Amino acid sequence: MRLSFQSHIPESLKDLVLELEQSVLNGRLPDKDTLGRLPERAVFGSPLLLRAGSVRLILEGRLQEAQEWLQAAIKGFALQADHVEMLSMIGLLTLLNVRIGDFHETETLLQFLEEETLRYGEGCGGFVWWALARGRCWTRTAPILQTLSTDEYFANAADRFREAGDDTWFAYLLLDRWLYGADDMREGEWAKRVGDLRKRAALHPECGAVLSILGGAEPTEEELMRLPSRYAYMVSTMSGQGTETAGPPVSDLRYDVEVQLFAARANVSRKLASGERSDAALSLRQMELLLEEMSTPRTSVWLDRLKAEIGEAIACVPPIAPFSVHSDGLSAGAAPRPGRLRIQLMSGIRLFGPDGAVVPPKWKRRKSRELLVYLLLQPDYRALRDQVVGQLFGEGEPSKLANHLYVSLHELRNTLAEIGFEDAIEVRGGLIGFRESVIEVVDVEQYMTLSRVGDQLWADDKEPSAMLFMDAVRLYGLLGADMPNVDWIERWRSQLLERQTVMLRRLGEYYAGLADDSHTEQWLSAWIELRPDQEEAYQAMIRYWKERGRHAEAVGWYKRLERMCRDELGTEPLEETKRLVWGV
C-alpha cells in the first residue's frame with residue numbers, strides 16, 4: 001500500500017497528510033478533529049485518508065456522506081493500481097448499500113465481488129466477504145449469491161479480519177453475526193473465534209464491549225458509547241429498558257433497514273405493553289414488510305413471537321361495540337403526535353394537522369395531488385423516481401416527463417409548506433418521498449395493516465382476528481373519491497374492495513358461528529350492500545336463517561335478491577339459490 005503524494009495536495013499540508021496516512025497504515029484512525037480541519041481537496045487527494053474517513057463516517061452513522069467518500073476512495077486506489085485495497089473499498093461500499101437498501105448497481109457489485117472471491121479469494125479482505133454475507137439476507141440479491149451459505153461468508157469475513165490483525169473490525173463482525181442470529185455461535189468455530197476475541201479485549205475497549213454483549217450481559221452506557229452508532233442502537237433496543245424507551249433511529253440510521261427492523265420490534269413491544277393494539281398491529285406490519293425485503297434468523301423469530309403476542313393481547317380485550325361501516329375512523333382516533341400529519345385517502349382526501357383540525361391544501365394542478373396520493377400508498381411513503389414518472393406521467397420524451405415531475409413536485413412541496421410542513425418531501429438517491437418526521441398515519445396503511453394481521457390470525461384464533469377486522473372495516477371508503485378518471489388508482493380500489501369483501505364475509509361467518517342473530521345480519525347485510533352483484537352474499541344470509549329455523553327471514557332476503565336481479569340485471573336468481581330457499 002502506497003502513501004499518497006498527489007500534486008494537488010497543497011505543499012503546506014503534505015507533511016500532515018503523510019503523517020496521517022502513516023497512522024492509518026499503523027492501524028489507527030486519524031484524529032477526528034485533525035481530519036476535519038483538512039480541506040476537502042487534501043482528503044480527496046489521498047485514498048488512504050478517504051478510506052479512514054469513510055470508516056469514521058460509517059461508525060458515526062453518517063451513511064450518505066460515507067458513500068461519497070467510498071466512491072472517491074475506490075477511484076483513488078484504482079489509479080494507484082492497488083487492487084486489494086480497491087476491492088476492500090468496493091466491499092465496504094456494497095456492504096453499506098445493502099444495509100440501507102440502495103440497489104442502484106449493487107446487484108452488479110455483488111456479482112463482481114463473488115467472482116473475485118472465486119478467482120482471487122485469498123486477496124479478498126473482510127469487507128468483501130462481509131458484503132456477500134449481508135447480500136444473502138436480501139430477497140432480491142440472495143439468488144445471485146449461490147457459492148456459499150450466509151454463515152460461510154460471515155466466517156470468511158471474520159477470519160480475514162483476524163488474519164490481518166484488525167481487532168476492531170473482527171469484533172464488529174462477530175457482533176454483526178450475533179445480531180444476525182446467536183444460537184449457533186456457542187460451539188464449533190464461532191466459539192473459537194469468540195475465544196480469540198477474549199484475548200484481544202484487554203488491549204481494545206471496543207472488543208471488551210462486544211465480548212460482554214456476546215456473553216449475554218446487558219450493556220452499560222459506557223459500553224454502548226464504545227460501539228458504532230448502528231450497533232449501539234440495535235443492542236440498546238434488545239434490553240427490557242431499551243424496548244420501553246427506544247425511539248426511532250436518528251440521522252442517516254433511519255435508512256438502515258436492519259436498524260428499522262429492530263426499531264419496529266421495540267415499537268410493537270412498547271405498544272402492546274400500553275394496550276394500543278391497533279398501533280401495535282401497524283408496527284408489526286411495518287416489520288413484516290421490511291422482512292419481505294431482508295430477513296435474518298433473529299428477526300424472523302421475533303416476528304413469529306410478536307404475532308402470537310398480538311393475538312393474545314387482542315383476545316384479552318372485550319369485544320368492541322358494532323359501528324357503522326361508513327363511520328369516519330381517522331377523526332375519532334387517538335391524539336396525534338406533535339407536528340405530524342394524519343391523512344385520510346378513502347371517502348375523499350382530508351389532511352388532519354397536529355391539533356386534529358382539517359387542513360385544506362389548495363391544489364393548482366391535478367398531478368400534484370396525484371403525486372401526494374401515490375407516494376402515500378407506497379411503503380415508507382417513498383418510491384423510485386422512474387416508477388413515479390411511469391405511473392403518473394406515462395410514456396414520452398424523457399426530458400418532458402422529467403419537467404412534468406419537477407413542476408408537480410415543486411407545487412406539492414409548496415402546498416405542504418403552506419399548511420405548515422416545510423421540506424416535507426425529499427429527493428435522495430433516486431427516491432422521492434416524505435421525510436420520516438412528517439406522517440403520523442395514513443388511513444389506507446392502517447386499514448391494510450389491520451386486515452393483513454387479521455388474516456394471519458384467522459386460521460388459528462378467530463376472535464382476535466374478528467376484532468381487527470371490525471377495527472378495519474370502519475375505515476373503508478372509495479379510495480380517492482374526489483380523483484375521478486385516474487387509471488393507476490383503479491388497481492388500488494379493486495384491491496381494497498376485495499379486501500373489504502373478505503372481511504365482511506368473515507365477520508358474518510364468525511358471528512354465525514356464535515349464533516348471534518343481530519351481528520350476523522349486520523355484517524352479512526354490509527356485505528350485500530357493498531357487493532349487491534355477489535349472489536353468494538345473499539346465499540350466506542339465506543343459509544343462516546334457514547339453519548336457525550326462521551324460514552320467513554330467509555324468504556324475505558330471497559325476495560330482495562329476486563327484485564335486484566330483475567330490476568338491475570334483467571336476470572333471476574341462480575338455481576342453487578332457489579334450492580336453498582325452497583329445498584327443491
Side-chain angles (χ1 to χ4, degrees), residues 63-64 67-68 71 97-98 100-109 138-141 252 254-255 257 289 292-293 341 343-346 348-351 360-419 421-439 442-445 448 478-496:
L63 309 182
Q64 299 291 329
Q67 283 181 310
E68 180 185 353
Q71 289 163 352
N97 286 347
V98 295
I100 64 177
D102 184 350
F103 288 102
H104 179 62
E105 297 183 352
T106 298
E107 294 181 27
T108 303
L109 289 176
W138 280 90
T139 303
R140 70 184 75 185
T141 55
D252 284 357
R254 67 183 185 275
Y255 297 105
V257 177
L289 288 169
E292 288 176 6
E293 290 288 323
L341 272 172
I343 301 176
Q344 173 185 309
L345 297 180
M346 294 189 280
I349 301 170
R350 298 170 72 192
L351 279 62
K362 298 176 182 178
W363 303 104
K364 296 178 182 177
R365 293 176 178 84
R366 177 173 54 87
K367 285 296 181 182
S368 301
R369 182 173 59 175
E370 277 189 44
L371 179 58
L372 168 76
V373 175
Y374 186 80
L375 292 176
L376 292 171
L377 292 174
Q378 307 310 309
D380 296 328
Y381 318 125
R382 296 187 182 100
L384 290 170
R385 178 186 177 280
D386 292 345
Q387 176 187 336
V388 173
V389 171
Q391 288 291 327
L392 269 63
F393 302 100
E395 298 180 355
E397 187 179 329
S399 61
K400 290 183 179 179
L401 295 177
N403 184 60
H404 291 326
L405 174 61
Y406 172 79
V407 171
S408 299
L409 193 59
H410 179 71
E411 186 193 347
L412 177 57
R413 280 172 165 159
N414 288 343
T415 300
L416 292 172
E418 288 172 3
I419 61 174
F421 292 88
E422 298 278 352
D423 298 322
I425 304 291
E426 62 180 354
V427 180
R428 200 170 191 176
L431 287 172
I432 300 172
F434 281 85
R435 295 187 186 278
E436 187 174 316
S437 59
V438 174
I439 306 297
V442 179
D443 62 343
V444 175
E445 180 186 33
M448 294 293 287
L478 180 65
L479 177 64
D482 42 8
M483 291 174 57
N485 305 319
V486 176
D487 292 339
W488 63 265
I489 209 171
E490 288 301 324
R491 178 180 61 84
W492 274 93
R493 287 172 176 166
S494 297
Q495 182 182 357
L496 294 171

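Note that the coordinates shown come from a computational prediction; the quantities given were computed from them, not determined experimentally.
Of the possible polar contacts, none joining the Asn97 side chain to the Thr106 backbone as a donor-acceptor pair under 3.5 Å is found. Side-chain atoms of Arg493 come within 3.5 Å of backbone N or O of Leu479 as a donor-acceptor pair. In terms of modelled atom types and a separation under 3.5 Å, the side chain of Glu418 and the main chain of Pro361 share no donor-acceptor contact. Here the side chain of Lys364 pairs no donor or acceptor atom with the backbone of Glu411 at under 3.5 angstrom.
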Practice task
I would like to know whether Ile432 and Glu426 meet side chain to side chain contact (heavy atoms under 4.5 Å, CB included); could you show each step before the answer?
Solution key: CA-CA 6 Å; Ile432 300 172; Glu426 62 180 354; over 6 Å; no
Exercise for the section: Please test Leu351 against Phe421 for side chain to side chain contact (heavy atoms under 4.5 Å, CB included), starting from the C-alpha separation and ending with a verdict. Expected result: CA-CA 12 Å; Leu351 279 62; Phe421 292 88; over 6 Å; no
Practice task
Please report the C-alpha distance between Arg365 and Val407 in whole Å, then the side-chain angles of each, then the deciding distance to 0.1 Å, and finally whether the side chain to side chain contact (heavy atoms under 4.5 Å, CB included) criterion is met.
Solution key: CA-CA 9 Å; Arg365 293 176 178 84; Val407 171; 3.4 Å; yes
Practice task
Take Thr415 and Leu372, measure what side chain to side chain contact (heavy atoms under 4.5 Å, CB included) needs, and give me the verdict at the end.
Solution key: CA-CA 10 Å; Thr415 300; Leu372 168 76; over 6 Å; no
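Interatomic distance, OG of Ser408 versus CZ of Arg366, reported as 9.5 Å (0.5 Å rounding). Note that the CG atom of Leu375 and the CZ atom of Phe434 stand 6.0 Å from one another [nearest 0.5 Å]. Leu412 contributes atom CG, which lies 12.0 Å from atom CD of Glu370 (distance to the nearest 0.5 angstrom). Atoms CZ and CZ, on Arg435 and Arg382 in that order, are 9.5 Å from each other to the nearest 0.5 Å. For the atom pair Gln391 CD and Leu371 CG, the distance stands at 12.5 Å (nearest 0.5 Å). To the nearest 0.5 Å, atoms CG (Leu409) and NE2 (His404) are separated by 14.5 Å.
The shortest side-chain heavy-atom distance between Leu478 and Met346 does not fall under the 4.5 Å cut-off. Side-chain contact between Met483 and Val373: present, with at least one pair of heavy atoms (C-beta onward) separated by less than 4.5 Å. Within the 4.5 Å cutoff, no side-chain heavy atoms of Val427 are placed close to those of Arg385. Using a 4.5 Å cut-off on side-chain heavy atoms (C-beta onward), Phe393 and Lys367 make contact. Taking the side chain as every heavy atom from C-beta outward, Leu401 and Leu405 never approach each other to under 4.5 Å. The shortest side-chain heavy-atom distance between Val442 and Gln344 does not fall under the 4.5 Å cut-off. Side-chain contact between Leu416 and Asp423 is absent, with no heavy-atom pair separated by less than 4.5 Å.
Heavy atoms of other residues, nucleotides or ligands lying less than 6.0 angstrom from CG of Asp482 number more than 12.
Screening Leu341, Asp443, Ile349, Ile439 for a side-chain contact (heavy atoms from CB on, under 4.5 Å) involving Leu376 leaves a single residue, Ile439.
Checked against salt bridge (Lys or Arg N to Asp or Glu O under 4.0 Å), Glu445 has no partners two or more places apart in sequence or in another chain. Under the ring-ring contact (aromatic ring centres under 6.0 Å, His included) criterion, Trp363 pairs with no residue, sequence neighbours left out.
Shown here for Ala481 and Gly348, the closest heavy-atom pair between the two residues is CB-N, 3.7 Å.
Ion pairing of Arg413 with Glu422 is absent here, as no side-chain N (NZ or NE/NH1/NH2) approaches a carboxylate O to less than 4.0 Å.
Note: Tyr374 and Trp488 have perpendicular aromatic rings, judged against thresholds of 30 and 60 degrees for the angle between ring planes.
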